[in-house]
Protein chains: 2
Amino acid sequence: MVTLAEVAQHAGVSASTVSYVLSGKRSISTTTRRRVEESIRKLGYHPNAGARALASSRSNIIALMIPLRTDMYVPVMMEIAIAVATTARTHGYDVLLLTGEEGPDAVRRVTGSGLADAMIVMDVELDDERLPLLRETDRPSVLIGLPADTTGLTCVDLDFKATGALCVEHLATLGHRDIAVIGEAPAVYERHTGFAERTLDGLRTRSRELGLRLLHRPCEGGYDAMAATLARILDERPDTTGFVVQNEAAVEPLLALLRQQGRAVPEDVSVVAVCPEQVATQASVRLTSVAVPAQEMGRHAVEQLVAKLDGRGSDEVVLLAPELTVRASSGPAPVQS
Amino acid sequence: MVTLAEVAQHAGVSASTVSYVLSGKRSISTTTRRRVEESIRKLGYHPNAGARALASSRSNIIALMIPLRTDMYVPVMMEIAIAVATTARTHGYDVLLLTGEEGPDAVRRVTGSGLADAMIVMDVELDDERLPLLRETDRPSVLIGLPADTTGLTCVDLDFKATGALCVEHLATLGHRDIAVIGEAPAVYERHTGFAERTLDGLRTRSRELGLRLLHRPCEGGYDAMAATLARILDERPDTTGFVVQNEAAVEPLLALLRQQGRAVPEDVSVVAVCPEQVATQASVRLTSVAVPAQEMGRHAVEQLVAKLDGRGSDEVVLLAPELTVRASSGPAPVQS
DNA sequence: GAAAGCTGTCGAAGCGCTTCGACAGCCTAT
DNA sequence: ATAGGCTGTCGAAGCGCTTCGACAGCTTTC
């Protein structure tokens, strides 16, 4: 391993000079800088991460806590993770991958050991047990998601309430009066994951305002679960003509079932999905949808964090505005028979 | 931040004693050990990661390079990543997430800086440019995937050649003579990703041995692409009764199209998929499939790596045996008309 | 032309830990 | 009783870097 000292010797300067060339924290003459940079290149020098962290008490690592379970939104999680990793790199940070498994202990361990300078927490529950720790530590953090109480926290998320409202509005504009919501698996609601409840809130509030009838049914992914759920919905509300789906794994089964039952999309029923773009465009009917802006969320979270680490930035909640893209799965409600 | 020295003082012992309690590298009397442990608990001590890394030249971090593109196998990647992270934790390691973006430079940076003790590389291409670096560095590494030349490398992967053979055998046993393979996107083959080519190899070799007719067509995911590909296949080989699908995003579209064309699964045509279990069980027809053992691959990779870091273990290629699970999408070939 | 201010460089301290050698105190074997 | 061997503990060195204060050699200012 090449060390700073060796570079210094090779360039004929002191170690501190090399350090300052690297960090830019003091001015260095152009000639010296060039000589040092040349030596660094020639020797293939890479600063030792441990030594750096020890001396500067900065590890240049951002911790990312992802959910352990993979019962939902896997591609979204992955996209966020990748956006976080690439954005972090552009700011000189690396990303440490933590699973939710350890729970609050992971937070303690990471902040206590100085392993990471800051952390991003995904899959936040409404009353998450990690929140008190995040609030009291001096390490910056950003949540992707929205807990019940956001005081002293920085959050980034899609505005799911507005998303729900947007879906309902779209269907209402097309003349639909009876709308069914096919939601995430029951476990997701039981866990009080914020986004699911907020979407529902938006759906309900706006429906009421617009005088629509709304029926919400959670649904496991997969064909069989969807079949049962759909049967129930059509039994309870035979006049349903609008569907809002917030469960990737239910999208394709729903379309298949509707087709099978002779209900044409969008002529007889309209479907609006809340899902990644890829799912919407690759489905068997191109779906009118509100996209989950995974990449933007990841990027934004890192940028907030870097700002905080640089002493800029402050606690705030950023809710990204939803955008509804009209595709082939929604159209005017059929004329009342 | 609580330091080792403070713990030592609190427990009335020297710093080195505390260190030895923590590492277990020298014997410590039970009474002392207990006293120290008590102090650690009381003070909420966490060893400083940087200092540790510097003094021991061990960071206790494993780097995981995941592919940047998300054009295939996202859930598999995620499952591997999570398995790696959780397995690593049970051995006292954390995981650093690197995207393929930086390419070979990431390898240089990580090994040069001592950021990670070892690395796991996913999405290996047949002639990957990171391989020379991995071979010459003294840091252990494990590839998930199989390059063309494995000398001096440790690899874990599903035996995709055997997987291909297994799919063909299953269909042959059921009496199918004309088989079509719906593969990954063309880009995947152009990139010479090992698994795709190896599967194809297995499919072809075994077909030849069994006297079957085999047609391979790459396919982008999604409904439209699948429609075009299927039309082509049935045009070229109208007698096709067996399908092997190796592209998650093509599975559901294929089933929908077959249904739409009045080809019943499994009465008229059989479908065998190479995909994660979840996809197979949640599809609109429960799919006969060979599972990609993502979790096992991740776990195995970490265990190999830990063995190497402990001075045990050696270079070897481990190909996991494929297992075909018969479900509802395959059955006897229809009687020749 | 002396005081004051810059600029560019250096030396040394110290970050918190691991680990090596030393050694005190005790037990066992002769 | 004494040499030798264990066991448990300590002190000190050192890992490779950052950063602070010092200062030499300039330039500017009145």
Side-chain angles (χ1 to χ4, degrees), chain A residues 1-37 39-40 43-61 92 94 109-117 309, chain B residues 1-37 39-40 43-61 92 94 109-117 309:
Chain A
M1 283 306 76
V2 188
T3 70
L4 227 212
E6 297 177 77
V7 174
Q9 192 175 16
H10 185 270
V13 297
S14 75
S16 47
T17 301
V18 177
S19 178
Y20 287 123
V21 167
L22 250 28
S23 68
K25 292 193 178 170
R26 286 204 181 170
S27 57
I28 297 286
S29 69
T30 319
T31 46
T32 307
R33 182 199 317 290
R34 271 212 259 282
R35 212 143 31 87
V36 170
E37 281 165 353
S39 298
I40 288 176
L43 302 179
Y45 169 69
H46 286 273
N48 180 88
R52 233 176 195 192
L54 178 57
S56 66
S57 37
R58 281 285 211 119
S59 65
N60 284 303
I61 288 179
D94 274 294
R109 194 167 59 85
V110 166
T111 60
S113 66
L115 230 189
D117 296 333
L309 287 167
Chain B
M1 281 309 74
V2 188
T3 69
L4 226 212
E6 297 177 75
V7 173
Q9 193 176 15
H10 186 270
V13 298
S14 76
S16 47
T17 301
V18 177
S19 178
Y20 286 123
V21 167
L22 250 26
S23 69
K25 291 193 180 171
R26 285 206 182 170
S27 57
I28 297 285
S29 69
T30 319
T31 46
T32 307
R33 181 198 317 290
R34 271 212 260 283
R35 210 141 36 86
V36 170
E37 280 166 354
S39 299
I40 288 177
L43 301 179
Y45 170 70
H46 286 273
N48 180 88
R52 236 177 194 191
L54 178 55
S56 64
S57 35
R58 281 287 210 116
S59 65
N60 283 303
I61 288 179
D94 273 294
R109 193 166 60 83
V110 166
T111 59
S113 67
L115 230 189
D117 297 332
L309 286 167

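So you know, we letter chains A, B, ... as the sequences are listed, proteins then strands, and number each from 1.
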**Prompt:** Between B/Val18 and B/Val13, does a side-chain contact (heavy atoms from CB on, under 4.5 Å) hold up when you go through it step by step?
**Reply:** CA-CA 7 Å; B/Val18 177; B/Val13 298; 3.7 Å; yes
**Request:** Among the candidates C/dT9, D/dG8, D/dC10, find the nucleotide nearest to the side-chain atoms of A/Ile28.
**Result:**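 Nearest nucleotide to the side chain: C/dT9.
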**Request:** Quick one: label A/Thr32 by what it contacts on the DNA or RNA (base, sugar-phosphate, nothing), any heavy atom closer than 4.0 Å.
**Result:**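 Sugar-phosphate: the residue A/Thr32, judged by heavy atoms under 4.0 Å, touches backbone atoms but no base.
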**Request:** Please report, rounded to the nearest Å, how far the C1' atom of C/dT9 is from the CZ atom of A/Arg35.
**Result:**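 In whole Å, C/dT9 C1' lies 11 Å from A/Arg35 CZ.
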**Item:** Shortest non-hydrogen contact from A/Pro47 toward B/Ser113
**Value:**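 The pair with the smallest heavy-atom distance is O-CB, 3.2 Å.
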**Asked** Does A/Ser27 place a side-chain N or O at less than 4.0 Å from the phosphate oxygens OP1/OP2 of C/dG8?
**Response**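 Affirmative; the distance criterion is met.
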**Partner residues of B/His10 under the side chain to side chain donor-acceptor pair (under 3.5 Å) criterion, sequence neighbours left out** =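 For B/His10 the side chain to side chain donor-acceptor pair (under 3.5 Å) partners, ignoring immediate neighbours, are B/Ser39.
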**Request:** Take nucleotides 15-23 of chain C nucleotide by nucleotide from the 5' end and write B, S or -, depending on whether a protein heavy atom sits under 4.0 Å from the base, only from the sugar-phosphate, or from neither.
**Result:** BBBBBBBB-
**Message:** Just checking B/Arg34: does its CZ atom have more than 12 heavy atoms from other residues, nucleotides or ligands closer to it than 6.0 angstrom?
**Reply:**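 Not more than 12 within 6.0 Å, no.
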**Asked** More than 12 heavy atoms of other residues, nucleotides or ligands under 6.0 Å from CD of A/Glu6: is that the case?
**Response**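 More than 12 heavy atoms, drawn from other residues, nucleotides or ligands, come within 6.0 Å of this atom.
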**Request:** Please list, chain by chain and in numerical order, all residues satisfying side-chain contact (heavy atoms from CB on, under 4.5 Å) with B/Asp94, sequence neighbours excluded.
**Result:**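 Scan of B/Asp94 (side-chain contact (heavy atoms from CB on, under 4.5 Å), adjacent residues dropped) gives A/Leu96, A/Leu98, A/Arg109, A/Leu115, B/Ile61, B/Arg89.
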